[in-house]
Every structure is written in structure tokens, then in C-alpha cells.
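A quick write-up on the structure given underneath.
Order of appearance sets the numbers: ligands from 1, and atoms from 1 within every ligand. Values reported hereafter were calculated over all heavy atoms of this structure, with side chains retained and with hydrogens, waters and symmetry mates removed.
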Amino acid sequence: MVEAEKGALPPGAVIGMLGGGQLGRMSALAAAALGYRCHVYCPEPDSPAAQVTSRATVAPYDDETALAAFAEAVDVVTYEFENIPFATVEFLAPRVPLRPGPEVLRICQNRLREKDFCTAQEVPTTGYAAVASAEELGAAVAKLGRPCVLKTVQFGYDGKGQVLIGPNSDLDEVWAEVSGAADVGLIAEEFIDFRLEISVIVARGADGAREIFVPVENHHREHILDQTIVPARVSEKVSDKAEGIARHLAGALDLVGLVAIEMFVTRDDRVLVNEMAPRPHNSGHWTIDACTTSQFEQFIRAVAGLPLGSPERLANAVMQNLLGEEALGAQAALNDPRAKLHLYGKAEARPGRKMGHVTTIRPKE
Ligand code: AMP
């Protein structure tokens with residue numbers, strides 16, 4: 001097998017992908033365009049990513065025999081979601097180059113470590129406190145004020161594992177509700193009455209070069225991303241601040257790959273980091289249809305050791321997620337000739353499940 005460390009992977013090399021969701025699918029399509037093969041590893045059969053590659057392992061993340069064979073069969077390993085058990089990554093790391101490296105995953109899969117990392121880097125985040133007991137919950141709420149938000153430090157996404165503590169919430173009742181998750185770990189966060197939620201995606205190559213996509217604004221429905229509007233309607237000052245934070249964090253993480261930084265813009269134009277995802281991100285899907293280089297191509301370039309491409313935005317865009325049954329009539333979107341439909345090949349349209357998206361592009365004004 002080719003050594004990933006020595007320059008770029010040659011065409012025909014195999015990129016191992018942990019996780020088989022839509023992010024893996026769109027990354028595998030970008031890899032194919034560059035002449036690479038993707039080998040998807042995930043526990044679910046017929047995953048969206050495996051549907052577009054010829055190589056897939058369907059096995060649990062703790063199956064060491066399957067993992068060892070996977071490491072043998074690929075030239076580099078990356079991942080398309082951050083809730084991969086850390087033990088899986090530790091098992092693979094001595095066997096095959098891993099990009100981004102294990103430390104990036106260790107930080108980004110835990111909200112508390114993420115916030116501690118930002119604080120150490122003097123990057124502003126929401127106020128926060130670790131909560132491991134009923135006493136610490138009381139102390140955290142006293143420190144942060146009400147309302148505040150209680151979250152599990154890990155395995156929470158799209159608002160799962162979150163409790164809003166309002167002016168009248170009984171802390172004993174809240175603790176009774178969440179204490180089952182205390183072994184995963186809990187974090188209390190100051191509630192931000194934000195003006196806007198934005199995100200910035202930055203890529204960093206093996207040579208330390210960084211390329212950044214324009215900040216975008218994100219609108220959620222029931223904590224799930226609904227729509228991304230490009231570019232974000234923020235001042236140049238806010239945009240510069242957000243880009244500066246993203247560039248800085250990518251460097252500080254010693255990242256090789258892609259990281260999406262979700263941020264709150266407050267009413268007085270402060271920019272606070274909410275969370276980081278060291279992989280392509282839902283708020284970057286518009287880049288497929290509106291940028292010189294998509295986030296998926298950029299991700300593959302970084303992981304493969306190729307030079308990064310231009311992230312230049314060629315058009316304005318609105319990306320609409322298709323959740324659950326919304327995807328059933330999705331082809332109607334194509335009645336607008338400037339709409340681009342992307343479906344992820346998921347058979348079952350469960351409520352809130354990300355089934356696809358539509359990007360509509362408009363000329364830049
Ligand atoms: P998360 O899983 O942390 O991205 O949270 C999902 C959504 O909940 C965010 O996109 C926000 O809309 C909202 N949210 C999370 N944390 C806070 C916070 N500290 N203050 C206000 N809203 C929040």
C-alpha cells in the first residue's frame with residue numbers, strides 16, 4: 001500500500017471512511033472525481049456512502065478483526081462523523097495514517113473539551129460549567145443565570161440530549177431527568193439570545209495551508225438545520241471575526257482535513273463559538289453547486305495530501321434540507337431550473353431524518 005505520509009496519494013489509492021452517512025456519500029463522490037476509491041466502514045448495511053462505493057465493511061466499531069483488515073486495505077483513514085468510539089480510532093492510529101488525527105477527534109467529540117480548548121486559545125465561547133452532581137448543577141445555574149441550557153457532553157446532536165432550564169425550572173426535577181446521562185458527562189451553558197447562528201468551514205492541508213469558505217447563516221427547526229443562507233447577512237467586521245476564529249482554531253488543532261465551526265452572533269455583534277465538527281458539515285452542502293471547490297473535494301484534497309482548491313463563492317445560494325417525508329415530493333424542486341437536488345438514498349423517511357437537500361443558486365449581487 002502507498003505511504004500517505006510521503007506526499008499526495010496517487011490516483012487509485014484507497015481512502016478509508018469511518019461512517020456511512022450522507023457526508024460520507026458526498027465525500028466518496030468527490031474522491032471518485034479525483035480518481036480515488038473510498039472504502040466505507042460502518043455498522044449499517046446499504047448505507048448512503050456504501051451505495052456509491054465498491055468497497056464497504058459492515059461491522060461494529062469495536063470489531064478488531066474487521067478494523068485490522070480495514071486498516072490493511074486502505075492508505076489513509078478519515079471519518080464523516082465525530083461520534084466514532086475513541087477506542088476505534090486508537091486501535092487504527094498505529095496501523096494506518098489517520099486524518100484528522102486522534103487528538104482532534106478527542107477534543108471535538110466532547111463539548112467540555114471543545115470549550116476548554118477554545119478558552120485556552122482565548123477564543124470566545126458561551127459561558128459554561130461542567131456538571132457531575134446535583135450540587136454542581138445548582139452552582140452552575142447560580143454562575144450562568146437563567147435561562148441556561150444543560151447538554152450531554154457527548155453523543156448529542158441536532159438538539160438531542162439538551163434541557164432548557166427556565167426561570168421556574170425545579171433543579172431537583174431537572175437533575176432527576178438528566179442524572180442517568182451523568183456518566184457520559186454534562187455541561188451547562190449560558191443561554192445566548194443570539195441574533196443569528198452562523199458557521200464557518202475551514203480546510204487545512206498537510207502543509208499547514210488553510211482555505212476558508214465564506215460565513216453562512218443557519219436557521220433551525222426543532223434544533224435541526226433547516227436552511228442555510230449564503231452568504232451570512234452580517235457586517236464585514238463580524239465576518240472577519242468569524243473567519244479569524246476559524247482559521248485560528250484550525251491551526252491550533254493542528255488539523256489536517258476540514259472543520260466546521262458553529263457560532264452565535266449576539267445582538268451586540270460578538271461572535272461566540274458553539275461547537276466544532278472536524279468533518280464536512282450540513283451547512284457546507286451549498287459549496288457543491290456554488291463554489292470553485294466544494295467542501296467535500298476540499299476535505300478529500302486535505303486528507304489525500306493534495307493542494308487545497310479555491311473556496312471562491314461563484315454564486316449566492318440557499319440550501320434547504322429535506323427532512324423526513326419532505327423528501328417524498330422532492331423532485332418538484334426541479335421545476336426551478338436553478339435548483340439542484342441531492343438525495344441521500346435513504347429508504348426510510350423517519351421524522352426529522354436528513355433525506356436530502358435542495359440548493360438554489362442566484363447570481364452574486
Ligand atoms: P447544538 O447541538 O449545541 O448545536 O444545539 C442545537 C441548537 O440549539 C443550536 O443550533 C441553537 O439553536 C440552540 N442552542 C444550543 N446551545 C445554545 C445556547 N447556549 N444558547 C442558545 N441556544 C442554544
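His219 and Glu197 share no side-chain donor-acceptor pair at under 3.5 Å. At a cut-off of 3.5 Å, with distance as the only test, a side-chain donor of Gln320 or Asp226 sits close to an acceptor on the other residue. Using modelled atom types and a 3.5 Å distance limit, the side chains of His357 and Gln22 yield no donor-acceptor pair.
Residue-to-ligand polar distances keep Phe264 apart from ligand 1: every N/O pair is separated by 3.5 Å or more.
Residue-level proximity to ligand 1 for Glu190 is carried by the backbone, the only part with a heavy atom below 4.0 angstrom. When non-hydrogen atoms are compared, ligand 1 lies under 4.0 Å from neither the backbone nor the side chain of Asn218.
Using a 4.0 Å cut-off to heavy atoms of Glu262, the atoms of ligand 1 that qualify are 4 (O). With ligand atoms numbered from 1 in the order given, ligand 1 contributes 16 (N), 19 (N) to contacts under 4.0 Å with heavy atoms of Glu189. Each of the following atoms of ligand 1 lies closer than 4.0 Å to a heavy atom of Asn274: 1 (P), 3 (O), 4 (O). Atom numbering of ligand 1 starts at 1 in the shown order; those under 4.0 Å from a heavy atom of His220 are 10 (O). The atoms of ligand 1 that sit less than 4.0 Å from any heavy atom of Arg111 are 1 (P), 2 (O), 3 (O). Taking every heavy atom of Phe194 and a limit of under 4.0 angstrom, the matching atoms of ligand 1 come to 12 (O), 21 (C), 22 (N).
Within a 6.0 Å sphere centred on CD of Glu103, other residues, nucleotides and ligands contribute more than 12 heavy atoms. For NZ of Lys340, the number of neighbouring non-hydrogen atoms (other residues, nucleotides, ligands) closer than 6.0 Å is 12 at most.
Among Ser47, Pro60, Pro48, the one residue that satisfies the side-chain contact (heavy atoms from CB on, under 4.5 Å) test with Cys42 is Ser47.
For atom 10 (O) of ligand 1, the nearest non-hydrogen atom from the set Gln162, His223, Lys151, Glu197 belongs to Glu197.
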Could you pull out all donor-acceptor pairs under 3.5 Å where a side-chain atom in residues 12-19 meets a protein atom, sequence neighbours excluded?
none

